[in-house]
Amino acid sequence: MGGGLLVAGTTSDAGKSVVTAGICRWLVRRGVKVAPFKAQNMSLNSFVTREGAEIGRAQAMQAQAARVEPTALMNPVLLKPGSDRSSQVVLMGKPVGEMSARGYHGGRQEALLGTVTDCLEQLRSTYDAVICEGAGSPAEINLRRTDIVNMGIARAAKFPVLVVGDIDRGGVFASFFGTTALLSAEDQSLVAGYLVNKFRGDVSLLEPGLDMLYGLTGRRTYGVLPFTHGLGIDEEDGLRVSMRGAVRESVVAPPHGEEVLRVAVCAVPLMSNFTDVDALAAEPGVVVRFVDRADELADADLVIVPGTRGTVKALAWLRERGLADALVRRAAEGRPVLGICGGFQVLGERIEDEVESRAGVVDGLGLLPVRVRFDRAKTLARPVGSALGEPVEGYEIHHGVADVRGGEPFLDGCRVGAVWGTHWHGSLESDGFRRRFLVEVARAAGRRFVPAPDTSFGVLREEQLDRLGDLVEEHADTDALWRLIEGGAPGGLPFVPPGAPPAVPDAAESRGAAPGPAPQSPEGLEMARPEALGEARKSHGPDAEAKPQGLDVGRSAGPEIAVVHVDQEAK
């Protein structure tokens, strides 16, 4: 049976996703057959595996870091927020219904522990090591009873736990100590130590604190990772952008031609798979920004309406902010617009939705001759085709079924003039197609922009993953990490008082509240099983020297907080 490790965090956005990816890339480079795993993910950034299963995009990225094909085993439970009151539950890659936070944490989550442990055991039987990612913080004491992603899975697998803290936020010592001290003695026995992330400055100023932390907790710090700009790695559910800034701190290279090309992405509510624009941001001379005002479209050469988990809500938002009128004007002027998935649906003539919003028939923007009807069955596919004379690959995740009634064919969608629409995510990662598409956009926009002939998005992504592996290898005690993975948590770790507080009755139950509703398809939660798919420097103890310096990551806590901490019932 393979060894493993759980990468937990003091908070959301501490860097769990990229630290997990970095450890996977370090291990595979030293010849270890490794797989990532996240028992339960909450994300609107998802991916479709080759067997047609939907998983978190971060787990797909971690699988690439491990140089293995992603599967549903690596993320058996995915929650996709549809509002701040409910989420779609995706189990073993397939949707099984909508559920409120109270309904999920009121017992359904515990029922899934067997499923997630079965998945983990299948991975352990196949791989030398499994690197698990936690969610939020393991010290969310209100949720410990139903936890299946942090200490719940660590206890079930007897995995050691490495707690990552973001020092850039401040308070990292209190976060490490408090996280440990709020866990039960049984949970604490698996917390092996800490990893400092996103450190800036002189590490010698940090060393006394690390020594004192060891004295307080009896647990070492396994590394101090430096703040590193421009990693550009797929994130779980956060949006690492300023609304008026560059995409995820990416550096815009000088244009290959005479002019730059400006891309504005409408930051619609419940935006999903915003990673679709990463390949554009990687192009020299392409400037990508996210916008939420109509006047910000004025100087854009291309406007993208991205995917969303709330198509009707996004359409209303575009109208409220004047963005819809601006898009209609752009189309009339022959200025480029691209709609992807939910954005494609918005650009059509009519939306009939009795599934996602239950709004019935809603008029779209009328820019494309398309009518969309929402089906309860979700389309999950990995299409391959061609457009603009170039091969294209993508993936589809949508309930909307498009009836295309005109225009030129375009990736199973259509094109009318300078307006394009498709359900395909990821199409812009196909290098030849992306370059031809940008040539078309530049021509329509009247820009003297020429795409670079040799930009390879796949190569750039591999380089970023290697940078993560380098950071772990150079700034963490990898020998000690391997001992954890292979042998488990050290024995004799001291208990840090006060420990977990005594359990109290559920607050809603004490108020006499009704239990959360069952999912619309409850049988999925009970029956799914993985077989259904076939398959510092080096250390910090009391006397150790520090070796500087984390991974610059960003993941907004928004959607995760919405579901985990809300008591209201789903509408």
Check whether [X] reaches the backbone of [Y] with its side chain - one donor and one acceptor, N or O, closer than 3.5 Å.
X    : Y    : answer
S86  : G82  : no
S87  : V89  : no
N75  : I55  : no
S137 : A139 : yes
D128 : K33  : yes
K38  : A58  : no
K80  : S46  : no
Q59  : F37  : no
R219 : T217 : yes
S184 : A500 : no

* To do: Check A129 against V32 and note the closest heavy-atom contact, atom names and distance.
  =>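 Where A129 meets V32 most closely, the heavy atoms are CB-CG1, 4.2 Å.
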
Residue pair [X] / [Y], side-chain heavy-atom distance below 4.5 Å:
X    : Y    : result
L216 : V496 : no
D187 : R155 : yes
L123 : P36  : no
M92  : L73  : yes
T115 : T117 : no
M74  : V68  : yes
R461 : E429 : yes
V149 : N41  : no

First locate atom [atom1] of [X], then atom [atom2] of [Y], and finally report the distance between them rounded to the nearest 0.5 Å.
X    : Y    : atom1 : atom2 : result
L468 : T20  : CG    : OG1   : 10.5 Å
N45  : S272 : CG    : OG    : 7.5 Å
I397 : R57  : CD1   : CZ    : 9.0 Å
C341 : M271 : SG    : CE    : 13.5 Å
T308 : F274 : OG1   : CZ    : 13.0 Å
Y194 : L162 : OH    : CG    : 10.5 Å

* With V191 as reference, evaluate V163, T179, L6 under the side chain to side chain contact (heavy atoms under 4.5 Å, CB included) test and give the passing residue. =>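 The residue from V163, T179, L6 that satisfies side chain to side chain contact (heavy atoms under 4.5 Å, CB included) with V191 turns out to be V163.
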
* Asked: Would you say the side chains of Q188 and T180 form a donor-acceptor pair under 3.5 Å?
  ->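 Not at all, the side chains of Q188 and T180 share no donor-acceptor pair under 3.5 Å.
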
* Donor-acceptor side-chain pairing of R169 and T11 below 3.5 angstrom ->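 On atom types as modelled, these side chains qualify, holding a pair under 3.5 Å.
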
Would you call [X] and [Y] a salt bridge, using N to O less than 4.0 angstrom?
X    : Y    : answer
R309 : E98  : yes
E69  : R50  : yes
D470 : R25  : no
E462 : R467 : no

* Q88, H398, E396, H399 screened by side chain to side chain donor-acceptor pair (under 3.5 Å) with K378, the one that passes ->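 By the side chain to side chain donor-acceptor pair (under 3.5 Å) criterion, K378 pairs with just one of Q88, H398, E396, H399: Q88.
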
* For C132 and L5, what are the C-alpha separation, side-chain angles and deciding distance, and is it a side-chain contact (heavy atoms from CB on, under 4.5 Å)? -> CA-CA 6 Å; C132 305; L5 176 72; over 6 Å; no

* To do: Mind checking side chain to side chain donor-acceptor pair (under 3.5 Å) for S189 and listing every partner two or more places apart, or none if nothing turns up?
  =>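 With sequence neighbours excluded, S189 shows a side chain to side chain donor-acceptor pair (under 3.5 Å) to no residue whatsoever.
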
* Do we get R220 above Y222's six-membered ring, with its NZ or CZ under 6.0 Å from the centre and within 45° of the axis? ->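 Yes; both conditions hold, so R220 lies above the ring face of Y222.
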
* Asked: Should S204 and D202 be marked as a side chain to side chain donor-acceptor pair (under 3.5 Å) after you check the CA-CA gap, both sets of side-chain angles, and the distance that decides it?
  -> CA-CA 5 Å; S204 67; D202 185 351; 2.7 Å; yes

* **Partner residues of Y395 under the ring pair (Phe, Tyr, Trp, His ring centres under 6.0 Å) criterion, sequence neighbours left out** =>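 Y395 satisfies ring pair (Phe, Tyr, Trp, His ring centres under 6.0 Å) with F47, H425 once adjacent residues are dropped.
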
* Decide yes or no on salt bridge (Lys or Arg N to Asp or Glu O under 4.0 Å) for R29 and E473, but give the supporting numbers first. => CA-CA 10 Å; R29 291 196 309 204; E473 189 165 352; 3.2 Å; yes

